[in-house]
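Scroll down for the structure; my scribbles are underneath it.
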Amino acid sequence: MDVADLPGVPDWLPDHLHDDGIEELYPPQAEAVEAGVTEGENLVASIPTASGKTLIAELAMLSSVARGGKALYIVPLRALASEKQADFEEFEQYGLDIGVSTGNYESEGGWLADKDIVVATSEKVDSLVRNDAPWIEDLTCVVTDEVHLVDDGERGPTLEVTLAKLRRLNPDLQTVALSATIGNAEALATWLDAGLVDSDWRPIDLQKGVHYGQALHLEDGSQQRLSVQNNEKQTAAIVRDTLEDDGSTLVFVNSRRNAEAAAGRLANTVRPHLTDEERGQLADIAEEIRDVSDTETSDDLADAVADGAAFHHAGLSRGHRELVEDAFRDRLVKVVCATPTLAAGVNTPSRRVVVRDWRRYDGSAGGMAPLSVLEVHQMMGRAGRPGLDPYGEAVLIASSHDEVDELFERYVWADPEPVRSKLAAEPALRTHILATVASGFARSREGLLEFLAQTLYASQTDDSGQLERVVDDVLTYLQRNDFLEIEGGELDATSLGHTVSRLYLDPMSAAEIVDGLRDWERGVSDSTSASGSPADTPAEPPADSGFTTASELAEDADGSDDTNADPDDISALGLYHLVSRTPDMYQLYLRSGDREEYEMELFEREDELLGPTPSEFEEGRFEDWLSALKTARLLEDWATEVDEATITERYGVGPGDIRGKVETAQWLLGAAESLASEVDLDAARAISEARIRVEHGVREELVDLAGVRGVGRKRARRLFQAGITDRAELRDADKSVVLAALRGRRKTAENVLENAGHRDPSMDGVEPAADVSVDLDDGADTDTDAEAAANEDQSSLGDF
DNA sequence: CTGTTTACGTTCTAGACAGCATGTC
DNA sequence: CTAGAACGTAAACAG
């Protein structure tokens, strides 16, 4: 189909596409147009990655906007939100306004109501609906990217429920769903009352194959000699072979450690193939990588990149990831060893893809479980860069002759699994039922079931009994925890329930937080008489934690004599532990040796924790308690200015993991603050301080300084060392002292002074004061007892 | 005696959304 | 119902 013949699109679009070199639509795109995407028709497109999904989305959204509407593009990842934003911003020249909204980023200027196209994550859209964003009703078109993720047990239900809500709010809403090729695209189409484009067509050829011995067996039956030399591993042989053809390789492995190890080894394979010019450019990138963070991970990555190899996983910080992705796209880095981050994330195509590991550890499966066909196909789909490579090749690695056949059967010739809704599970329904009632989508049990009948789950099951049972369980749970009230068959969210829904918390997290804070107030009053060995039975009365009702709490709050609880005495560690044991926080893994270490830690600091420690005989709960303690200790270290390198080593995490934990803690502590005032608990001040400390990664005395824009944990500490202890002092500080404290960086000093509100921030003619020491390592380690103790523990335990 | 290879036992395991109000080194 | 790569340490071995 010629782009000039597109019905319903804005006048400028055909010319725009011509300028981009697009004359003809790809076959699946043409099918989509025939199915009416540009004329407001619903559509499900199940097609391979890189076969022109984005243009289908654009056709739908632009034509809808041209009719005076407003479009929403839903993505599963924040990183994809910014990628799509960049894509769509090229339409701004035609007067369209693009906006982005994710948890950590919101388009500046102009509220989203003024935007023509909004890009957001599914959770953010859900949150916007819960918070009654007025513009939601103006939507005329919603495009969902990667809908096959409704199959995901954790996040799929959100997508499913959110789509159902959007469609109920606006019955005329055009729904376009883009999916990877899946086994049951027609089921999605049925659910969404949509036309279907289901195609395997790709703009460039993809050859799948299996490597074994000295040969690469391809799916068309041909064989290609690909010999493994001396001690070389199969992967190295493939990388070398690709290199000889001047191509790059993406290698998928099943763990971070494997990714790092493989990158280190493959660096030796790549090194001899680099030109001097490449070596120079790579050295520069390696330096940039070292500048991102001063950790072992960072050093290892830099070493590999200097040789043209890299690894990529979620332990890397954002900066690392972007540097690696860009260098790979620029063809400087020749091989990237990655965990699935790269399969689902931003677009990083490659001549060849190697899927080295096809099994991955899965605790719930009791060992290594095979990857799904869909996941392997997603990885393989990264092979072949449109317009750059003549074809793509995706290779599985077999270690025996039998495995060759197995891999062909299992992955090369196999169809992807059908997508199945995971909605009828308690954790998912807990949060979505509360939200559905709180935002008025249902007012009764029957209304709820009627709403849920619009979901994919309902369209996929004949057994409505299962759903009803879980719904009833969840209603009971929500009622007992005072999130919902049921009166005369009418469902209503309590004030607490509304707050929880708006905060986007799992109700179970909210219950844990409220119980923990409440417990602390009770505990403080008790401990005036019984402060003693923390290892004895806890002083707190036994609270059946998950099921303490908030009405009980309310009684305690106004009824019993006000305790002399001093909420300021809640330790930061206690609060970090409280939010870390919540289902909204990913737990750190307990390694061997950790168990003893944190049992000891628990013994020493149990009285700082909020709520009773579970019995050691409750295996699961006790384990969770300990690993929450490990997470809490990490957060405490961060908020005590322990440096990144020490934290990554001490907890066996990467720099990106610290960021992730800190971000989550920040969010949950913010929510805890709201909850505390909601149920009239007096802890808000302590929570707020713990949150700000973890946000900036500073001790108490730096909280004020670190709040100044341009001042983080390091600069705040330096200023403090130089005798400037708060923002007010900074405002009137001796400029030479500030300059010295900031190590003579004039521009930085000027910025900082300006942001602090200094009358005359100019550093012209100012010389750094000679008597100001800026040696961080001596100064920052004014350890608290806890920190010092932790350090000792660390070394002594480590020696065993 | 010392450096290198081999054998065997132990260890450990992917990813990442969200409030609110503005900005790290 | 289900694993396997990486690494540390000890043993074997070569020079």
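Below, read A as the first sequence line, B as the second, and so on, with proteins coming before strands; counting in each chain starts at 1.
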Handout entry: Donor-acceptor side-chain pairing of A:Thr582 and A:Glu512 below 3.5 angstrom
Key = no

Practice task
Mind checking A:Pro370 for me? I need base, sugar-phosphate or nothing, with any heavy atom below 4.0 Å counting as a touch.
Solution key: nothing

Problem - Short side-chain N/O contact to C:dG4 OP1/OP2 from A:Arg359, under 4.0 Å - result: yes

Exercise for the section: Please measure how far the C1' atom in C:dC1 lies from the corresponding atom in B:dA18, and state the result in whole Å. Expected result: 37 Å

Exercise for the section: Determine the minimum heavy-atom distance between A:Glu106 and A:Trp111, stating which atoms define it. Expected result: OE2-CZ3, 3.4 Å

Practice task
Answer yes or no on whether A:Arg713 is positioned over the face of A:Trp638, meaning its NZ or CZ is under 6.0 Å from the six-membered ring centre and within 45° of the axis.
Solution key: yes

Practice task
Compare the minimum distances between each of C:dA5, B:dA14, C:dG4 and the side chain of A:Ser255, then state the nucleotide with the smallest one.
Solution key: B:dA14

Handout entry: Atom-pair distance (OH on A:Tyr105; P on B:dC17), nearest Å
Key = 16 Å

Practice task
Respond yes when some side-chain nitrogen or oxygen of A:Arg256 is under 4.0 Å from OP1 or OP2 of B:dG15, and no when none is.
Solution key: yes

Exercise for the section: Remember a base hit wins even if backbone is also touched, and classify A:Val708 as base, sugar-phosphate or nothing at under 4.0 Å, heavy atoms. Expected result: sugar-phosphate

Fill in the blank from the handout: Sorted by chain and number, sequence neighbours left out, side chain to side chain contact (heavy atoms under 4.5 Å, CB included) with A:Glu623 holds for A:Leu590, A:Arg595, A:Glu619

Handout entry: Side-chain touch A:Asp624/A:Arg581, heavy atoms, less than 4.5 angstrom
Key = no

Handout entry: A:Asn258 side-chain proximity, nearest of B:dA18, C:dA6, C:dG4
Key = C:dA6

Handout entry: Electrostatic pair A:Asp151-A:Lys422, nearest N-O below 4.0 angstrom
Key = yes

Handout entry: Side chain of A:Ala261 - closest among B:dG23, C:dT2, C:dA6
Key = C:dA6

Exercise for the section: May I ask you to decide if A:Ala438's main-chain N or O and A:His498's side chain share a donor-acceptor pair within less than 3.5 Å? Expected result: yes

Practice task
May I ask which nucleotide in the shown strands pairs with B:dG19, Watson-Crick or G-U wobble, both distances under 3.5 Å?
Solution key: none

Practice task
Measure from the side chain of A:Thr341, starting at C-beta and using heavy atoms only, and say which of C:dA6, B:dG15, B:dC20 lies closest.
Solution key: B:dG15

Completion exercise
Result for 5'-nearest mapping on DNA chain B, choosing between A:Glu673 and A:Lys661, is A:Lys661

Completion exercise
Quick note, A:Lys124 side chain, CB onward, closest among B:dG19, C:dA6, B:dC17 is B:dG19

Exercise for the section: Take atom CD of A:Glu375 and atom C1' of B:dG15, then tell me their distance rounded to the nearest Å. Expected result: 10 Å

Practice task
Taking only the side-chain nitrogens and oxygens of A:Thr339, find out if one of them lies under 4.0 Å from OP1 or OP2 of B:dG15.
Solution key: yes

Handout entry: Consecutive Watson-Crick or G-U pairs in runs of at least 3, all under 3.5 Å, in which DNA chain C is involved
Key = B:1-13 with C:3-15

Handout entry: First encountered from the 5' end of DNA chain B, between A:Arg321 and A:Trp667
Key = A:Arg321

Practice task
Give the rounded distance in Å between these two atoms: CG of A:Asp357 and P of B:dG15.
Solution key: 13 Å

Problem - Side chain of A:Arg691 - closest among B:dG19, C:dA5, C:dT2 - result: B:dG19

Handout entry: NZ/NE/NH1/NH2 to OD/OE distance under 4.0 Å, A:Glu325 and A:Arg321
Key = no

Practice task
Give A:Val711 one of three labels, base, sugar-phosphate or nothing, depending on what nucleic acid heavy atoms sit under 4.0 Å from its own.
Solution key: sugar-phosphate

Problem - N-O pairing of A:Asp132 and A:Arg502 below 4.0 Å - result: no

Exercise for the section: Using a 4.0 Å heavy-atom cut-off across all strands, classify A:Tyr361 as base, sugar-phosphate, or nothing. Expected result: base

Handout entry: Test item: A:Arg715 side-chain N/O and A:Gly710 main-chain N/O as donor-acceptor pair under 3.5 Å
Key = yes

Exercise for the section: Identify whether the distance between the nearest side-chain nitrogen and carboxylate oxygen of A:Arg360 and A:Glu375 falls below 4.0 Å. Expected result: yes

Exercise for the section: Output yes when at least one side-chain N/O atom of A:Ser127 is less than 4.0 Å from OP1 or OP2 of B:dC17, else no. Expected result: no

Completion exercise
Ranking C:dA3, B:dA18, C:dA5 by distance to the side chain of A:Arg78, first place goes to B:dA18

Practice task
Assign A:Thr102 to base, sugar-phosphate, or nothing according to its heavy-atom contacts below 4.0 angstrom with the strands shown.
Solution key: sugar-phosphate

Practice task
Rounded to the nearest angstrom, tell me the gap between atom CZ in A:Arg360 and atom C1' in B:dC12.
Solution key: 15 Å

Practice task
Can you tell me the distance, in whole Å, between the CD atom of A:Glu663 and the P atom of B:dG15?
Solution key: 16 Å

Problem - Sugar-phosphate only, base, or nothing, as touched by A:Asn254 at under 4.0 Å among non-hydrogen atoms - result: sugar-phosphate

Exercise for the section: Check every strand shown and say whether A:Gly363 touches a base, only sugar-phosphate, or nothing at a heavy-atom separation below 4.0 Å. Expected result: nothing

Fill in the blank from the handout: To the nearest angstrom, the CG-C1' distance between A:Asn755 and B:dG23 comes to 9 Å

Exercise for the section: Report, as yes or no, whether the 6.0 Å neighbourhood of atom CG on A:Asp291 holds more than 12 heavy atoms from other residues, nucleotides or ligands. Expected result: yes

Handout entry: Between C:dT2 (C1') and A:Trp358 (CH2): distance, integer Å
Key = 11 Å

Give me the distances for all protein-to-nucleotides 6-11 of chain B N/O pairs that come in under 3.5 Å?
none

Practice task
Whole angstrom is fine here: how far is it from CG in A:Leu705 over to C1' in B:dG23?
Solution key: 16 Å

Handout entry: Touch class at under 4.0 angstrom, heavy-atom based, for A:Arg265 against every strand present
Key = sugar-phosphate

Exercise for the section: Select base, sugar-phosphate, or nothing to describe what A:Gly660 touches, counting heavy atoms under 4.0 Å on all strands. Expected result: nothing

Fill in the blank from the handout: Among the nucleotides B:dC17, C:dT2, B:dG19, whichever has the atom closest to the side chain of A:Tyr504 is B:dG19

